[in-house]
Amino acid sequence: MFQDEYLRIIDSTNDRARELAEKGGPHGSGVVAEQQTAGRGRLKRPWFSPAGKNLYCSYIIRPVVPFSEYPRLTLVAGLAVAHFMNDLLPGRVGLKWPNDILLGEKKCGGILCESVLSQDRHTGGYAIVGIGLNLLLERNELPEELRDRATSLLIEGGPRLMPLDAFNVLRRHLLACIDDWQKIGFQWILERWSSFDIMVGRQATWVTQKREVVTGVSLGPDSSGQLCIEDAQGTRHLVVSGDVTLAREL
Ligand code: BTN
């Protein structure tokens, strides 16, 4: 049975879910909040989290795979969100490695997975899958600096979906994809993830954490989930972390 928490306001649902996981919160349980005061995204960026408009949630996941494979969860969760969005706005959802959810070319959501290798033999290793999805935001409610890059389900002509309903339906997709990952394998997930990949075959620029710039064509994620970029000399670079930008965004 899930042990969920529904909150009006919280700093970050990821942090709260982690507290619950440390106390033994079961696989699939989640935290959902109407508003976050310190919502965060990848690379410690702030996540715009106004009240009552969007989905801010985090699920406790206890994968039955080695801890070294937990980073793959970001792509597994991405596929689950893509399935969820595709039911609402068929043919419009795209994924951008590693964790962006797009409608058309604009971002409408993101995933923040955080893995914890617990010392406690009862809790074991676990991960927190945090998902932010813009649902009911109107265009004029987006901050000026995000308007060119961000969108919402409503802005794109999708249904008026309440965050709580989204939280429950999305969980079904997430747990189903995790089951497939564990039973069928990551390759199966990757093939489906790739069918939503908006970057494959396009020029991309990767800025490494040392601020080196690599430009080339995206070949999509490899069998371990790392992004592969082929430069003009035919050298292949594996992107471990950092930021990848489509060439036209530069
Ligand atoms: C990203 O695109 O960089 C990831 C954004 C993830 C945001 C969600 S909102 C719910 C959960 N709580 C957080 O603090 N972050 C995630």
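None of these values were measured; they are calculated from a predicted model. Every number for a ligand or one of its atoms is a count from 1 in the order of the listing.
With salt bridges taken as basic N to acidic carboxylate O contacts below 4.0 Å, none links E114 and R18. With respect to E230 and R236, a salt bridge is recorded, a charged nitrogen being found less than 4.0 Å from a carboxylate O. A salt bridge links R171 and D4; the closest N-O separation between the charged side-chain nitrogens and carboxylate oxygens is under 4.0 Å. Between E105 and R92 there is no salt bridge, since no side-chain nitrogen of the basic residue lies less than 4.0 Å from a carboxylate oxygen of the acidic one.
Annotation for ligand 1: atoms under 4.0 Å from non-hydrogen atoms of S58 are 11 (C). In the vicinity of K107, heavy-atom distances shorter than 4.0 Å reach the ligand 1 atoms 1 (C), 2 (O). Near I111, the atoms of ligand 1 lying under 4.0 angstrom from a non-hydrogen atom of the residue are 4 (C). Within ligand 1, counting atoms from 1 as listed, the ones closer than 4.0 Å to a heavy atom of G39 are 14 (O). Per-residue contacts place S12 under 4.0 angstrom from the following atoms of ligand 1 (heavy atoms of the residue considered): 12 (N), 13 (C), 14 (O). Of all atoms in ligand 1, numbered sequentially from 1 with element shown, those under 4.0 Å from a heavy atom of R42 are 1 (C), 3 (O), 4 (C). Atoms of ligand 1 found under 4.0 Å from any heavy atom of T13, numbered from 1 in the order shown, are 10 (C), 11 (C), 12 (N). Close contacts of ligand 1 with G110, meaning ligand atoms under 4.0 Å from a residue heavy atom, involve 2 (O), 4 (C), 5 (C), 6 (C).
Closest non-hydrogen pair, I111 versus A77, comes out as CD1-C, 3.7 Å. Closest heavy-atom contact between M162 and L135: C-CD1, 4.3 Å. In this structure, L161 and A166 approach most closely via the heavy-atom pair CD2-CB, 3.7 Å.
The part of I131 lying near ligand 1 is the backbone, judged by heavy-atom distances below 4.0 Å. Residue contacts with ligand 1 for R45 are absent, since no atom lies close enough (heavy atoms, distance under 4.0 Å). Counting heavy atoms closer than 4.0 Å to ligand 1, residue S49 contributes nothing at all. When non-hydrogen atoms are compared, ligand 1 lies under 4.0 Å from neither the backbone nor the side chain of L43.
When only interatomic distances are considered, the shortest N/O to N/O separation between W47 and ligand 1 does not fall below 3.5 Å. Remark: ligand 1 and Y56 share no N or O pair separated by less than 3.5 Å (distance only, no angle test).
Among D11, N99, V129, D100, the residue whose heavy atom lies closest to atom 1 (C) of ligand 1 is N99.
The protein non-hydrogen atom at the shortest distance from atom 15 (N) of ligand 1 is R40 O, 2.7 Å. For atom 8 (C) of ligand 1, the closest non-hydrogen atom of the protein is G132 N, 3.5 Å. The closest protein non-hydrogen atom to atom 9 (S) of ligand 1 is Q36 NE2, 3.4 Å.
Judged purely by atom type and a 3.5 angstrom limit, W97 uses its side chain to pair as donor or acceptor with the backbone of G225. Distance alone, capped at 3.5 Å, places no donor-acceptor pair between the E19 side chain and the R16 backbone. R40 places no side-chain N or O within 3.5 Å of a backbone atom of W47 that could act as its donor or acceptor partner.
The stretch residues 134-177 participates, sequence neighbours left out, in these ring-ring contact (aromatic ring centres under 6.0 Å, His included) pairs: Y59-F167.
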